[in-house]
Amino acid sequence: MTASARMLDDAEVLFAVWDGQPARGYGGTADVVAEARRLEVPVRVIWPAGARRD
């Protein structure tokens, strides 16, 4: 999560390949998306129709 937070410091937008589900562990995609939103970094979620999470 520390590395993701550092990346967000310089990001203009976050492209997240994410199914919208909670993180399976601290620092997962959901946590990074939440932090980006808190920092007001625009988030673009990519999740193709029919895709599924393992």
Return all side-chain donor-acceptor pairs below 3.5 angstrom for residues 24-33, not counting sequence neighbours, or 'none' if the list is empty.
from: Arg24; atom 1: NH1; to: Asp54; atom 2: O; distance (Å): 3.1
from: Arg24; atom 1: NH2; to: Asp54; atom 2: O; distance (Å): 2.3
from: Asp31; atom 1: OD2; to: Gly27; atom 2: N; distance (Å): 2.7
from: Asp31; atom 1: OD2; to: Gly28; atom 2: N; distance (Å): 3.4

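- Separating the CG atom in Leu14 from the CZ atom in Arg37 is a distance of 9.0 Å, to the nearest 0.5 Å.
- Heavy atoms of other residues, nucleotides or ligands lying less than 6.0 angstrom from CZ of Arg53 number more than 12.
- Cluster annotation: Trp47 and Val43 are assigned to distinct hydrophobic clusters (Ile/Leu/Val/Met/Phe/Trp/Tyr, side-chain heavy-atom contacts under 4.5 Å, transitive).
- At a threshold of 4.5 Å between side-chain heavy atoms, the hydrophobic network of Ile, Leu, Val, Met, Phe, Trp and Tyr places Phe15 and Met1 in two separate groups.
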